[in-house]
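Below is one structure, written out as structure tokens; the observations come after it.
In what follows, chains carry the letters A, B, and so on, assigned in the order in which the sequence lines appear, proteins first and then strands, with residues in each chain numbered from 1. Predicted model, so just to flag it, every value in this text is computed and none were measured.
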2 protein chains.
Amino acid sequence: MKSSSTPAYQPLYRQIKVLLTERLESGEWKPGEPIPSEIDLAQRFSVSQGTVRKAVNELAHENVLVRRQGRGTFVASHANEHTQLGFLRISPDDGGVDTLQADLIECRRIKADASAARQLEIETGQPLMRLRRALAINGRRVIYEEARVPAELFPGLDAFVLEQHRCMLYSMYESAFSVKIVAAEERLKAVAADEESATILGLTVGAPLLMMVRVAYTYGRKPVELRRSLCNTAAHHYANDIS
Amino acid sequence: MKSSSTPAYQPLYRQIKVLLTERLESGEWKPGEPIPSEIDLAQRFSVSQGTVRKAVNELAHENVLVRRQGRGTFVASHANEHTQLGFLRISPDDGGVDTLQADLIECRRIKADASAARQLEIETGQPLMRLRRALAINGRRVIYEEARVPAELFPGLDAFVLEQHRCMLYSMYESAFSVKIVAAEERLKAVAADEESATILGLTVGAPLLMMVRVAYTYGRKPVELRRSLCNTAAHHYANDIS
DNA sequence: GAGTGGTCTAGACCACTCA
DNA sequence: GAGTGGTCTAGACCACTCA
């Protein structure tokens, strides 16, 4: 195993990328807004436009920025439908996701257990908010999920705030708490439905469910959400492209 | 829905990319071998090195080519371990894949049903080869899978050829039949084990299994393999990064 | 030291958007 | 028509590999 320390030599465009990321983290440029033009940025940083382009291109490939020819470069936003769907990989076997509806089942404050604390890089016992909800795709309830986030990052998060933002958690994190989700790691397993999930999803105990366990990250690969989703895949599937 | 026709304007580097892909398809540059240097290619195509670089970069991002600074640019190969593992997304919950072993269960000629024919873009009734095998990761048998490929593309494929290449199907497709897999689409579901899969994986009927249904593509997004894998995810998981 | 890919620049021009 | 990102060029130099 190699150490993950940064190599000594870092090209100029990587340094520019770090500077851009810092601006994004600081909230100077907010989701949905345009960042300065390439020519402007090149002047600010005293580098050529080509060097800025390389930095911006990498951030665009990581879905942190969105380029639009003739208009400008924008900070990616979960308010945008397209970005949302990148994180929802479940769809009906026969077609796309037309409507998405969430029913809140629980929203309460808990203490982080050792495992959650380790994954969220906080101390054991720190307060978390735990949300449980059921999701319906095109009117059919197929997902039961639980999300846990550090309470500190989401002050005032309660059922009322959730109500206002309906189903889109990442859009809410972004607009109400300035926490921008930029990446996630998922692990999938097949499990048997327990009593709780069977009841909520209208299945029999023991029915096979697709379990998705996710760690979601904000800028700088800082973990900010743990999620466990259970999906009835009788008429739905998880799609993935490999190349 | 927009039509998927190619837009009228295609930049030069895209045209170069098409030319490079044609050379790869023709077998002029084989997996594992280097392609000509950027300067050489630029001269051949009468464009600047920068334009060649852009075309090569896209193919490298698609894992069709592999760049190695100071050495050259190589055609990606499934003989390379790293490329193999890109297509095997299952790993043990506690660690990596150290050994992989395949037991062949069946290898026979069948006729394509309507569904398979549609997905492989051939005529119904055309001959297919159907392989069934069990995979063991680090000595534990966890996957039972079936692969179907057009017999025409794999002349002489039989148990003996399979034996020689052990578990790595894509490596065999590539080296024995010059069929290079470059991408795949997967759909995942949770299902209950039937009698056959339960017997092979040493489980009880009804146990939850992760089902992966895959269409694999060669150059030009031509579909060349259908695969259905059933995985016991009691101590293993399917990993996916989202960004 | 020769050859490879990787970075950086400066400048020209193109495609696209919007007022 | 002004401003944006997108393409393309030519050239300089750097990091890396290998004989």
Side-chain angles (χ1 to χ4, degrees), chain A residues 2 5-21 23-24 29-30 32-77 80 82, chain B residues 2 5-21 23-24 29-30 32-77 80 82:
Chain A
K2 278 191 184 173
S5 66
T6 309
Y9 168 74
Q10 279 288 77
L12 192 49
Y13 77 90
R14 293 269 187 189
Q15 299 171 39
I16 301 299
K17 189 181 169 189
V18 169
L19 293 176
L20 293 175
T21 305
R23 294 281 201 293
L24 291 164
W29 305 321
K30 294 193 177 17
E33 292 179 359
I35 68 170
S37 75
E38 294 178 351
I39 291 171
D40 186 343
L41 290 170
Q43 286 170 345
R44 291 196 202 195
F45 298 133
S46 302
V47 297
S48 77
Q49 189 185 355
T51 299
V52 168
R53 280 189 69 75
K54 247 190 132 164
V56 170
N57 277 341
E58 287 206 350
L59 290 169
H61 274 119
E62 294 164 15
N63 296 315
V64 169
L65 296 177
V66 178
R67 315 194 73 140
R68 296 192 216 165
Q69 191 177 0
R71 297 192 53 195
T73 301
F74 298 77
V75 184
S77 168
N80 175 324
H82 198 263
Chain B
K2 279 190 183 173
S5 66
T6 310
Y9 168 73
Q10 279 290 75
L12 192 48
Y13 77 90
R14 292 270 187 188
Q15 298 171 40
I16 302 300
K17 190 181 168 189
V18 169
L19 293 176
L20 293 174
T21 304
R23 294 280 200 293
L24 290 164
W29 305 321
K30 294 192 176 15
E33 293 178 358
I35 68 170
S37 76
E38 294 179 351
I39 291 170
D40 186 343
L41 290 170
Q43 284 169 347
R44 291 195 202 195
F45 297 135
S46 300
V47 298
S48 77
Q49 189 185 354
T51 299
V52 169
R53 279 189 71 74
K54 247 191 131 162
V56 170
N57 277 342
E58 287 206 350
L59 291 168
H61 275 118
E62 293 164 15
N63 296 316
V64 170
L65 297 176
V66 179
R67 315 194 73 140
R68 296 192 217 166
Q69 190 178 0
R71 298 190 55 196
T73 301
F74 298 76
V75 184
S77 168
N80 175 324
H82 198 263

task = Flag the pair B:Q49 / B:V52 as yes when at least one side-chain heavy-atom distance between them is below 4.5 Å, and no otherwise.
result = no
N or O in side chain of A:S37 less than 4.0 angstrom from D:dT4 OP1/OP2 = yes
key: Pairs involving residues 43-69 of chain B, ordered by first then second residue, that meet ring pair (Phe, Tyr, Trp, His ring centres under 6.0 Å) (sequence neighbours left out)   = A:H61-B:H61
remark   = To the nearest angstrom, the CD-P distance between A:E58 and D:dG5 comes to 18 Å
query = Expressed in angstrom and rounded to an integer, what is the separation of A:F74 atom CZ from D:dG5 atom P?
reply = 9 Å
query = Atom CG of A:L65 and atom P of D:dG5: how far apart are they, to the nearest Å?
reply = 11 Å
key: Side-chain heavy-atom pair B:W29, B:L20 within 4.5 angstrom cut-off   = yes
request  = Take the protein atom CZ of B:R68 and the nucleotide atom P of C:dG6, then report the distance between them rounded to whole Å.
outcome  = 12 Å
ask   = Looking at B:G32 and B:F74, what are the two nearest heavy atoms and their distance?
value = O-CD2, 3.6 Å
remark   = Readout for nucleotides 7-19 of chain C: B = base within 4.0 Å of protein heavy atom, S = sugar-phosphate only, - = neither; 5' to 3' it is BSB-----BBSS-
inquiry  = With a 3.5 Å limit on both atom pairs, tell me what D:dT7 is paired to, counting Watson-Crick and G-U wobble, or say none.
reply    = C:dA12
query = Tell me: CD1 of A:I35 to C1' of D:dT4, nearest whole Å?
reply = 12 Å
ask   = Once you round to the nearest 0.5 Å, how far does CG of B:L19 lie from CG of B:L41?
value = 10.5 Å
ask   = With side chains defined as the heavy atoms from C-beta onward, is the minimum distance between A:V75 and A:K30 less than 4.5 Å?
value = no
message = Could you identify the nucleotide paired to C:dC18, looking across every strand shown and requiring Watson-Crick or G-U wobble geometry with both distances under 3.5 Å?
response = D:dG1
